[in-house]
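Beneath this line is the structure, given in structure tokens, with notes to follow.
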Amino acid sequence: MAPSPTGRFHLGSARTALFDFLLARKTGGQFILRLEDTDQKRFVEGSEEEIMRSLDWLGITPDESPIHGGRFGPYRQTERRELYQSHAKALVEKGHAYPCFCTPERLEQSRKDQEARKVDRVRYDGLCRALDPSDAAKRVASGEKYVIRFKMPHEGSTTAHDHLRGDIVTENKYLDDNVILKSDGLPTYHLAAMVDDHEMEITHVMRGSEWLSTFPLHVNIVRAFGWEEPVWIHLSLFLKPSGKGKMSKRDNADVMKDGRTVFVDDMKDLGYTSEGVLNWIALMGWGVAEDDVMSLDDMIQRFSIDTLTPSPAAINFQRLDHFNGTHIRLLTTEDLSARIKPYFVAAGLPVEDEALLKITPLIRERLVTLDDCLTFASFFFKDAVSPTPDDLIAKGLDAKQSAEIARKCFEIVSALPDLSHQTAEPPMRAYVESAGLNANQVFGILRVAVTGQKVSPPLFESMEIIGREKVLARLQDAITILENLSVSP
RNA sequence: GCCCCCAUCGUCUAGUGGACUAGGACGCAGCCCUUUCAAGGCUACGACCGGGGUUCGAAUCCCCGUGGGGGCACCA
């Protein structure tokens, strides 16, 4: 994969990386990370690190990269500039490209003129294309500033083959003489990517379909060099959740309002698992007929470039939540415990590993994101909970009656030789029965008293983990709250 | 404006001329299970963009519309 370090690493790049990785594993090839850092103006400090961090987290670490090395390095394009310059020169010598001395001002003027004439497509007017090659060479030698443009044929058409879309035929008259080497001596994407793909022996090019419009240019460059073409695959685009428009980095602000993100590096903090994210993005642009819950290994087994889909796909965060929850449930108790522990620690709760191992099975199927563990299990680690009086009063009863029930619960637990879910439940049920109450009322009060909240993991199992002493203390607190309520309404 | 790509339930998709009464998943609704919330099980709702062809037969092939998307830089 070959991202440019010009911003944050988002879902679309991650999906491309995943498919690259899967294809490499499937075919016994190498998964390479190449950084397309030829635009110095747009370079963003730290984005290279973010790309690698994101790939690592997803579990698709490159085999070759700027930091991992490899036999095709260097893997940053700015470190390969001579390579592109010599290739650009070769193209000029073969008559497939030419130096252009037009100033940005002249180009701007030409553009304006064309717009005024309402031409269909604004493009380079070809002034320097008409120059005598030896004259041009002299001007270059004299130190005049120039760029190199690719000489597109004016006649005929270009047929480019995409593995998903078949032949794409473009009339050459619609094409432009694009700049392939900039005046700063660095190449544009068009040259750099083609040269590197060839030099690095890239067999398959998978990229977003926003590249379709420059596809004819690219195949013309490859053919001008006389190189063998890779298999070209233009992947489906990711659309905004609304389906209106391409998903972009700028959409993150909107998405964040709902606690979502399009940046892979933020996913972990939001409680997403790499398994969930991977499964989610894999299924956009790839049609899998069978069971769609897949691990990375499953994906490697099933991946095929023949089952990729060309149409744009709207991202759907509800689906991410579904896959995240599903993969959380697939985790072992030990693994899940280790993954949720940092959230308790970050919240300043004194989490004990032994207790956590017992708690994890109780909350596992309730978690959509890992940080949900806080809402479901924080009460285990607190000294005391602070239920609201409203929550403590059972439906259909008043404070006095609720206090009575809490007192009875206290008595039952006190009478127990030891507190476990097996020992506590039968006497509680017997009490519910004999008092003519319903289980919802009694267990509701007990739940709020013990956990401080109306929604919790299974009550008796939770009480067992909290321990008799703490349970009694919390019940006592609840009784006090309810009694204060009934004497001073 | 011009060029290009795409088109099956709200969303992601299966489907490659007959096995389609169009399958699955998410979401949504209901039921079951149940001490809460989940999870799980079951059921319901829900689509071949329109029009022409080709063919004995079209979701599938062709054409034209329409709609959606992308691109038109010394950015990638």
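Because only heavy atoms are used, hydrogens play no part in the values below, and waters and symmetry mates are left out as well, while side chains stay in. Throughout, protein chains are lettered first and strands after them, A, B, ... in sequence-line order, and every chain is numbered starting at 1.
Proximity of A/Tyr174 to A/Asp120: side-chain heavy atoms (C-beta onward) are nowhere separated by under 4.5 Å. No side-chain heavy atom of A/Pro457 sits less than 4.5 Å from a side-chain heavy atom of A/Ile359. Considering only heavy atoms from C-beta on, A/Val219 comes within 4.5 Å of A/Thr158 through its side chain. A heavy-atom distance below 4.5 Å is found between the side chains of A/Arg165 and A/Ser209. The side-chain heavy atoms of A/Ser86 and A/Glu82, taken from C-beta on, include no pair separated by under 4.5 Å. In this structure, the side chains of A/Phe443 and A/Phe460 come closer than 4.5 Å at one or more pairs of heavy atoms.
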Detail all sub-3.5 Å separations between protein N/O atoms and N/O atoms belonging to nucleotides 1-5 of chain B.
residue	atom	partner	partner atom	Å
B/G1	O2'	A/Asp120	OD1	3.4
B/G1	N2	A/Asp120	O	2.8
B/C5	O2'	A/Arg165	NH1	2.3

So which protein nitrogen or oxygen atoms get under 3.5 Å of nucleotides 43-49 of chain B's nitrogens or oxygens?
none

Any protein N or O atoms within reach of nucleotides 27-29 of chain B? Criterion: under 3.5 Å, listing atom names and distances.
none

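Nucleotide B/C75 holds its P atom 11 Å from the CG atom of A/Leu107, rounded to whole Å. Computed from coordinates, the A/Asp37 CG to B/C74 P distance equals 20 Å when rounded to whole Å. The CG-P distance, from A/Leu336 to B/A39, rounds to 15 Å in whole Å. Spacing between atom CG of A/Leu217 and atom P of B/C75 amounts to 14 Å, rounded to whole angstrom units. Taking atom CZ of A/Phe317 as the reference point, atom P of B/G10 lies 21 Å away to the nearest angstrom. When rounded to the nearest whole Å, the span between CG of A/Asp197 and C1' of B/A76 equals 14 Å. Rounded to whole angstrom, the span from the CH2 atom of A/Trp211 across to the C1' atom of B/C72 amounts to 13 Å. Taking atom CE of residue A/Met294 and atom C1' of nucleotide B/A25, one finds them 11 Å apart after rounding to whole Å.
Residue A/Tyr272 is tested with A/Asn324, A/Asp321, A/Asp371, A/Thr369 for a side-chain hydrogen bond (donor to acceptor under 3.5 Å, both in side chains); the sole match is A/Asp321.
A close approach under 4.0 Å does not occur between any side-chain nitrogen or oxygen of A/Lys249 and OP1 or OP2 of B/C75. For the pair A/Thr309 and B/U13, the criterion of a side-chain N or O lying under 4.0 Å from OP1 or OP2 is met.
Contact check of residues 449-457 of chain A against RNA chain B (heavy atom, cut-off under 4.0 Å) returns A/Lys454, A/Val455, A/Ser456, A/Pro457. Shown for residues 359-370 of chain A: residues whose heavy atoms fall under 4.0 angstrom of RNA chain B, namely A/Glu365, A/Arg366. Interface residues of residues 38-48 of chain A facing RNA chain B, ordered by number: A/Thr38, A/Asp39, A/Lys41, A/Arg42; criterion, heavy-atom separation under 4.0 Å.
Atom P of B/U13 sits at a distance of 25 Å from the matching atom of B/C72, rounded to the whole Å. Comparing B/G50 with B/C31, their P atoms are spaced 36 Å from each other, to the whole Å. When the P atom is compared between B/G15 and B/G30, the two are found 34 Å apart, to the nearest whole Å. For the C1' atoms, the distance from B/C42 to B/C33 is 11 Å, rounded to whole Å.
Residues A/Asp184 and A/Arg81 are not paired through a salt bridge, judged by the lack of any N-O separation under 4.0 Å between the basic side chain and the carboxylate. The residues A/Asp197 and A/Arg34 are annotated as salt-bridged, a charged nitrogen and a carboxylate oxygen being separated by less than 4.0 angstrom. A salt bridge links A/Arg223 to A/Glu229: at least one charged side-chain nitrogen sits closer than 4.0 Å to a carboxylate oxygen.
Within the 4.0 angstrom heavy-atom criterion, only backbone atoms of the sugar-phosphate kind lie near A/Gly287; the bases stay farther away. Within 4.0 Å (heavy atoms only), A/Pro104 reaches at least one base atom of the nucleic acid. As judged by a 4.0 angstrom heavy-atom cut-off over every strand, A/Pro3 is placed among residues making no nucleic acid contact. Among the atoms of the strands shown, none is found under 4.0 Å from any heavy atom of A/Arg123. At a threshold of 4.0 angstrom between heavy atoms, the contacts of A/Leu283 are confined to the sugar-phosphate backbone, with no base atom among them. Residue contacts shown for A/Gly285 are limited to sugar-phosphate atoms, with no base heavy atom under 4.0 Å away. The residue A/Val179 sits close only to the backbone: its heavy atoms come under 4.0 Å of sugar-phosphate atoms, none of a base.
Of the candidates B/C12, B/G71, B/U35, B/C12 carries the atom nearest the A/Ala313 side chain, counting heavy atoms from C-beta on. Distances were taken from every side-chain heavy atom of A/Val147 (C-beta onward) to each of B/G71, B/C74, B/A25; the shortest belongs to B/C74. When distances are taken from the side chain of A/Pro312 to each of B/C74, B/A25, B/C6, the shortest belongs to B/C6. Looking at the side chain of A/Thr214, the nearest of the listed nucleotides B/U36, B/A76, B/C12 is B/A76.
Counting all heavy atoms, side chain and backbone alike, A/Arg339 lies closest to A/Leu370 at CB-CD1, 4.1 Å.
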Decide yes or no on side chain to side chain donor-acceptor pair (under 3.5 Å) for A/Thr78 and A/Asp37, but give the supporting numbers first. CA-CA 6 Å; A/Thr78 47; A/Asp37 57 349; 2.7 Å; yes
side-chain contact (heavy atoms from CB on, under 4.5 Å) between A/Val179 and A/Tyr124: does it pass, once the steps are laid out? CA-CA 10 Å; A/Val179 172; A/Tyr124 180 59; over 6 Å; no
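A/Thr333 and A/Arg364 form a side-chain donor-acceptor contact under 3.5 Å, judged by distance and modelled atom types alone. A/Thr332 and A/Asp335 share no donor-acceptor pair across their side chains, judged by distance under 3.5 Å alone. Between A/Asp113 and A/Gln109, the side chains place a donor N or O and an acceptor N or O closer than 3.5 Å (distance only, hydrogens not considered).
Under the Watson-Crick or G-U wobble criterion, with both distances below 3.5 Å, B/A39 has no partner in any strand shown. Pair assignment for B/U54: none, as no Watson-Crick or G-U wobble contacts are both less than 3.5 Å. Pair check for B/C20 finds none; no Watson-Crick or G-U wobble contact set falls under 3.5 Å.
A/Glu115 places no side-chain N or O within 3.5 Å of a backbone atom of A/Val122 that could act as its donor or acceptor partner. A donor-acceptor pair is defined here as one N or O able to donate and one able to accept, closer than 3.5 Å; such a pair exists between the side chain of A/Arg123 and the backbone of A/Leu175.
Taking the six-membered ring for Trp, A/Tyr84 and A/His190 have ring centres at least 6.0 Å apart.
Atom CD in A/Glu464 sits 7.0 Å away from atom CG in A/Leu419 (nearest 0.5 Å).
Residue-to-nucleotide proximity on RNA chain B shows that, of A/Ser4 and A/Gly245, the 5′-proximal contact is made by A/Gly245. Along RNA chain B, the nucleotide nearest A/Leu164 and the nucleotide nearest A/Leu239 are compared for position; the residue whose nucleotide lies closer to the 5' end is A/Leu164.
A/Tyr146 does not carry A/Arg139 over the face of its six-membered ring by the limits of under 6.0 Å from the centre and within 45° of the normal.
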